[in-house]
Amino acid sequence: MINALLWAPLAFGIVGLFLPKRATGWWATLGAVVTLGIAISIAVGFDSGSSGLQHAVDVSWISGLGVDYSLGIDGLNLFLILLTAVLWIGGIAFAAFREQERPQLFFFLMLVAETATLGSFLAQDLLLFVLFFDFMLVPFYFLFGSWGSDREGGPTAAAATLKMMIFTLIGSLLMLVAAVAAAIISADGGHLTFSIAAIQQQGLGVGSQRWLFWFFTAAFLVKMPAFLLHGWMPDAYRAAPLPVLVVFSGVLAKVGAYGFLRVVLPLFPDATIEFQEVVLVIALASILYGSVMAFTQTNMRLIAGYSSVAQLGFITAGIFALRADGADGAILQMVNHGLVVAPLFVIVAILVERTGTEDIREVGGMALRAPVLAALFLIVALATLAMPGSANFIGEFYILNGLFQAKIVFAFVAISGVAMSAYYALRLYQHAMHNRPPSQQNNGIASREIGWRDGIVLAPLVLCILALALYPQLILHRTAPTVQQTVASVTGGSAPEAQLASNNGPTGLKRPNNGRLRPIDREEP
Amino acid sequence: VNFQEPVIDYAGLAPIIALTVGLCVVLLSAVFKPLKRGAPALTLLTLASTAGLLIWQWGESKSLITGALRLDDLAISISLIAILTAGFCVVISTRERAVEEAGSGEYHALLIGSVLGMVLLSQAQNLVTFFVALETLSIPLYILCATNLRREGSLESGLKYLIIGSLGSATLLYGMAFLYGGTGSTGFEGIAIGIAHNGMLGDPLILIGIAMCAVGLAFKTSIAPFHQWTPDVYQGAPTPITSFMAVATKAAAFAVFLRFFDVALGPQVAEWQPALAVLAAISIVVGNVGALGQDSLKRMLGYSGVAQAGYMLGGIVVASEAGVSSLVFYLAGYAFMNLAAFTVIVARERETPFGDSIRSVQGLGAERPLLAWPLTIAMLALAGLPATVGFIGKLYLIEALVEGDYTWLAVFIAVGTMISLAYYLRVVAAMWMRPGGETVAGATPAIAGASPEADPVDPDARRRWYLVGPALLAAAATVFFGVIPQPLVEFAARAGASLFG
């Protein structure tokens, strides 16, 4: 089952290479739908009470080097896999409705990218994780470089993509060294294995944890991207083709955050505690910097891009609160953010197609004759700013709650990010939909209702946002046991706070803030 | 007087005998009219039968000719890599201008001679056989580099290689003299015993000898700062010969490097380890930085070869079984990636008027996907990206280095790889992300851009199976062993075990 999930996209992609040009887009969409079907069937059978791996596969791959082909699903990755499967349908279908150059290759690369992304979420072997993490870049390199757009007065698509590759691989290659070192140090002359669980069990000395921690953390922070390591992001986002950006910004940034939960916290607990505040400072800087940039930019892609920097800052802060509720909120927020940013880029793509510009000063007035598009956009925008009632609100609440318990000073700074997100989200919405357009002739072309094609792509994503807003417990219940275990591996405690998320035990009552959470739970129908 | 007749193990010597016979037959074939066109076929036959004999000897571990040679899995695996490369070289030399100018029989005979040197070198465990084998390997190559008689660059390349190569050989020979003087033995094991038990440990005589031998071998393996000849010679030589030099020479020189340092100089390991590690680091930096600005693909691959030699030297630095295995694995992978790249360059040299400039591959992705894919895979593999043998090779080396407490060198490899992305991906970008068209428009002039003597464009080049086939084969192997590396890992592990087992 789990093998089918991982390799289905690749298999469809390879077959698609040999199909006629017209069919290949739909074939790829079918592949993505089949993948989602497999993912859903796994999710349905998921035992939400267990914190361990389910559907685990573990076969020796390179025995001489101690590398195993080891996959598994638990609370940490279940919903990220579903998110991946959902967003890839969106991205591929959106592209399939449009003419692509060399479509066979385009859709092949999209599906290869899906397999690589799923692989990095599923991998339970440290080296397999690094392998998929690095490999993800290859299809995106070609997608960005070959189908991207050169910017006038700026770098070409190829140059922007090269910058992205070098930035992200700096982290990834150091991570490869660190992964090998972690395995060898923990094996200590014994049987060499890269299994994350085995390395965790063996434990690593504090001295080695320190540098290994930073090698991994650097890789993850670049991928997100976090403040100071985001240099590749503006150029790459402006060069990227929009259907690809839907999946790229929706999922890939999450792999970094997921890496913290999967690798850094369990394997380097002492270093995590030691450097908690350093990472929190980086996270807060990302929140502030991303927010400020998001409301000063005029390019719609960059507004969405910088808002992702801020949101990923939130998620990192939630993880490094080192409390179960913070980490729970972080996972919920990863899914939320993916579901929000993907339709945002779809809408940006629609606007760009109609107006031919990516500058928010030159668009506007769209809501007048396109109420449905405006309504969908409004839902997305409100979810982005974490309106109460949206799942993003719950996610941010959990994160802030965890942060307040852990480091109150950081929490106060983080709160300002919530306020700022309201500004940039509404600004984007207002400029695009309501403002008077700068020229009348532009308005004539632009204000048109959303077509059924784009509606098919956009509506399911918005439905997912609404569904999660109504029932965020869907995620929280299932992630709680694993998250509790992961966080406990750092703090060492039995962590009763994890009960908060699963919301079903009297043990949680000991927590002073528990009362505050009750109203949210009761809000759910 | 009791005369003990030496035992000659014909089975063990069979590969060497086969090569020698093949060499004579191919050379003579040039004289007989009916066989004139048969030299490539005879060469391939010789190589195939030698490979067969080597595989038959796989697993053996014995000394030949009273200890002058050692037949073990390390020697056999390296010999197989060299023979595979030579086979590719023969196929992609088909219709090469250099072959016609130098004469098919001579060209191929020299190639076999060089392979013979490599097989001997990988087995050498005596200073005398070591040196003789090295010269047997080198002298045919000096000539082969200059076989493109009517092109200035080729002659320059041959001469340059001859002078620098002789300098390297002389340094090596001088170093050997010191070692012999210090230990009184020419056998590798004798030297080890001499160093360890005769109070010569740490003696300046020995240390100078080791340093000079290291420098001589660094010339041959193109390790910085002894690499200056590499880009020039690579660029000037006929491209099939460049591919052979880049892969096979490196493999054979590293094999003897391993055996000489791990066996003969083993007792002195604490002294040469850090020195070689520093050489490796310098090589990684110099090679990667040097490749950045290159417009000629062959020069770029030359500098990249310097960097890759730096990575591989890591396998010697750690002086462990894992080090030997990782080095052999990397060499095998390196053969596939480089052969794919060079084959595509050969094809484009004949199809376009741009020679080996990066312009020759512009727009290749849309125009000739069957050539673009192998070159793409080769570049990604050289850059060490996953799903290629390059990634596994780097992983293997890094494991060996970390185990041997040389984590800092592993970090150097990672940093070097990052720099290397800039130039490898530049080639990929040229193929896929830039419109072609120029090449089609420019295909009319029969004479290449810069040099009036260069090869004319071959209009039928598109249908040349003997270029597309090898390129696809090498690329397929690169991906195959990246996804299913287990067979190659076992192959390399046997080689490692044979030296340390």
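Only heavy atoms go into these numbers, but all of them, side chains included; no hydrogens, no water, no symmetry mates. Here is how names work: the chains are called A, B, and so on, in the same order as the sequence lines, proteins then strands, and each is numbered from 1.
Contacts between A/Trp147 and chain B at a heavy-atom distance below 4.5 Å are absent for every atom of the residue. Interface remark: A/Ala157 contributes no atoms to any contact with chain B (heavy atom separation under 4.5 Å). Only the side chain of A/Val138 comes within contact range of chain B, with at least one heavy atom under 4.5 Å from a heavy atom of that chain. Using a 4.5 Å cut-off between heavy atoms, B/Ala430 makes no contact with chain A at all. In this structure, chain A has no heavy atom under 4.5 Å from any part of B/Ser326. Only the side chain of A/Leu192 comes within contact range of chain B, with at least one heavy atom under 4.5 Å from a heavy atom of that chain. Neither the backbone nor the side chain of B/Ile413 comes within contact range of chain A; no heavy atoms are under 4.5 Å apart. Looking at A/Leu137, neither its backbone nor its side chain comes within 4.5 Å of chain B, counting heavy atoms on both sides. Looking at A/Ile184, the atoms closer than 4.5 Å to chain B (heavy atoms on both sides) all sit in the side chain, from C-beta outward. At a 4.5 Å heavy-atom cutoff, the contact between A/Tyr141 and chain B is made by backbone and side-chain atoms alike. Contacts of A/Leu131 with chain B are made by both backbone and side-chain atoms, with heavy-atom separations under 4.5 Å. Both the backbone and the side chain of B/Leu425 come within contact range of chain A, with heavy atoms under 4.5 Å apart. There is no contact between A/Phe167 and chain B, counting heavy-atom distances below 4.5 Å. With a threshold of 4.5 angstrom between heavy atoms, B/Ala429 approaches chain A through its backbone and through its side chain.
In this structure, B/Arg368 is not positioned above the aromatic face of B/Trp373 in the sense of NZ or CZ being under 6.0 Å from the six-membered ring centre and within 45° of the axis.
Shown here is B/Phe412, whose CZ atom has no more than 12 heavy atoms of other residues, nucleotides or ligands within 6.0 Å.
In this structure, A/Trp232 contributes its side chain and A/Val222 its backbone to a donor-acceptor pair below 3.5 Å. Of the possible polar contacts, none joining the A/Thr24 side chain to the A/Leu19 backbone as a donor-acceptor pair under 3.5 Å is found.
Interface summary for chain B: among A/Gly145, A/Ala159, A/Gly64, the most heavy-atom pairs under 4.5 angstrom belong to A/Gly145.
With 3.5 Å as the limit, one finds no donor-acceptor pair spanning the side chains of B/Tyr303 and B/Asn288.
Side-chain contact between A/Leu143 and A/Met110 is present, with at least one heavy-atom pair separated by less than 4.5 Å.
Here the CG-OG1 distance, from A/Leu111 to A/Thr35, works out to 7.0 Å after rounding to the nearest 0.5 Å.
Between B/Arg426 and B/Asp295 there is a salt bridge, with a side-chain nitrogen of the basic residue lying less than 4.0 Å from a carboxylate oxygen of the acidic one.
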